[in-house]
Protein chains: 2
Amino acid sequence: MELKANDIINELVETKDIRITSQRRKILEILIENRDKHLSVEDIYNVSKKQGKSVAIPTIYRTMDILQKSGIVIKNDFGDGIAKYELYVKEKETIHYLICKRCGKIIEVTGLLPDNLNSHLLEEHGFQAIDTSLKIYGYCDDCMYQEGKFQ
Amino acid sequence: MELKANDIINELVETKDIRITSQRRKILEILIENRDKHLSVEDIYNVSKKQGKSVAIPTIYRTMDILQKSGIVIKNDFGDGIAKYELYVKEKETIHYLICKRCGKIIEVTGLLPDNLNSHLLEEHGFQAIDTSLKIYGYCDDCMYQEGKFQ
DNA sequence: ATACCTGCAAATGCTTTGCGGATGG
DNA sequence: CCATCCGCAAAGCATTTGCAGGTAT
């Protein structure tokens, strides 16, 4: 855990020239503790406050921006207009999201896209893919037979 | 053109109980004239103003909300936080978007997803898919060999 | 030493809402 | 008629920015 944070910090220091401050270390620790979740800036702020090391909201925004541009986090918007961040894990397959329009539950899925997608895009459309975002909105098991209300 | 607007209006009147006002008719006409584009609320406002029948911004938001919930338009966000609307065309295959991170160009593509995707999701995850959104961010032909600046 | 970072407050920009007057069916 | 809609102004809300003081290297 602490080790992982240091790994990421080392990568930050070595590859980009980004200063390591106590706030940035705290944010990275929170991201690592919650690597299975999608955190909003407010989430990160609340956790930092609860843990006694409150980091200001603008600082979090600025840090997430840096982390995203450095490829350390992925920025996501699941349709509610609030940015959600998660650590980028190199080894992991690209994750796709099934988003329930009724209860908001997010199911993570992999392997929906053809393996040769990126080379196909390059050949057919001259497009160099970097980030692929597949989000499928609909109704989860629990909500499917309830009245299909939007939110 | 005018015919199409009336078709949609008839559908509105028949299937939902939505009043037809001059503003809503104007908005539908603008959407039809620009069925190949992705219009922001501001775009629609500017066109309406230029055409001498200015529709107020809040009215456009309210109308787009109704049209979206009625399945007449698709709401999209291509990563800049500004909602873009387009007419939903039933016959059309699901469209995927290649979005250039440098110049912002949007290339529309179809057929990237397996045919049995929805039934697969239902069987494997108990998920009833309604809207599928595949957005791929990267660099277009023109921008690929330029310095890969974000925006 | 000094370039960069933080936190506060204020600004920004898209979107939403309250409300009095207007209008469609 | 009367429920619904429109336009204006103002409010909401996530995000960004200016700036004075603090910190990492």
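The sequence lines fix the lettering, A, B, ..., with proteins before strands; numbering per chain opens at 1.
The bend of the helix from C:dA1-D:dT25 to C:dG25-D:dC1, defined by the angle between the axes of its first five and last five pairs, stands at 40° to the nearest 10°.
Residue pairs meeting the ring pair (Phe, Tyr, Trp, His ring centres under 6.0 Å) criterion with at least one partner in residues 109-138 of chain B, sequence neighbours excluded, do not occur; the list is empty. Sorted by first and then second residue, the ring pair (Phe, Tyr, Trp, His ring centres under 6.0 Å) pairs involving residues 99-118 of chain A (not counting sequence neighbours) form an empty list.
Partners of A:Ser40 by side chain to side chain donor-acceptor pair (under 3.5 Å), not counting sequence neighbours, listed by chain and number: A:Asp43. Scanning for side-chain contact (heavy atoms from CB on, under 4.5 Å) contacts around A:Asp36 gives an empty result, with sequence neighbours left out. Annotation: side chain to side chain donor-acceptor pair (under 3.5 Å) contacts of B:His96 (sequence neighbours excluded): none. Every residue two or more places apart in sequence or in another chain was checked for a side-chain contact (heavy atoms from CB on, under 4.5 Å) with B:Asp115, and none qualifies. For B:Asn34, the side-chain contact (heavy atoms from CB on, under 4.5 Å) partners two or more places apart in sequence, or in a different chain, are B:Ile30, B:Lys37, B:Leu39.
Remark: A:Gly81, A:Ile82 in residues 74-82 of chain A come within less than 4.0 Å of DNA chain D through at least one heavy atom.
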Using atom types as modelled, flag every donor-acceptor pair under 3.5 Å from a side chain in residues 74-86 of chain A to any protein atom, sequence neighbours excluded.
from, atom 1, to, atom 2, distance (Å)
A:Asn76, OD1, A:Lys135, NZ, 3.2
A:Asn76, ND2, A:Glu86, OE2, 3.2
A:Asn76, ND2, A:Tyr97, OH, 3.4
A:Asp77, OD1, A:Gly79, N, 2.8
A:Asp77, OD1, A:Gly81, N, 3.2
A:Asp80, OD1, A:Ile82, N, 3.1
A:Asp80, OD2, A:Lys84, NZ, 3.3
A:Glu86, OE2, A:Tyr97, OH, 2.7

Side-chain donor-acceptor pairs of residues 47-66 of chain B under 3.5 Å, sequence neighbours excluded:
from, atom 1, to, atom 2, distance (Å)
B:Ser48, OG, B:Tyr45, O, 2.7
B:Ser48, OG, B:Val55, N, 3.2
B:Gln51, OE1, B:Lys26, NZ, 2.5
B:Gln51, NE2, B:Glu33, OE1, 3.1
B:Lys53, NZ, B:Ser22, OG, 3.1
B:Thr63, OG1, B:Thr59, O, 2.8
B:Asp65, OD2, B:Lys69, NZ, 3.3

How would you summarise protein contacts on nucleotides 2-11 of chain C per nucleotide, using B for base, S for sugar-phosphate only and - for none, with heavy-atom distances below 4.0 Å? -BBSSBBB--
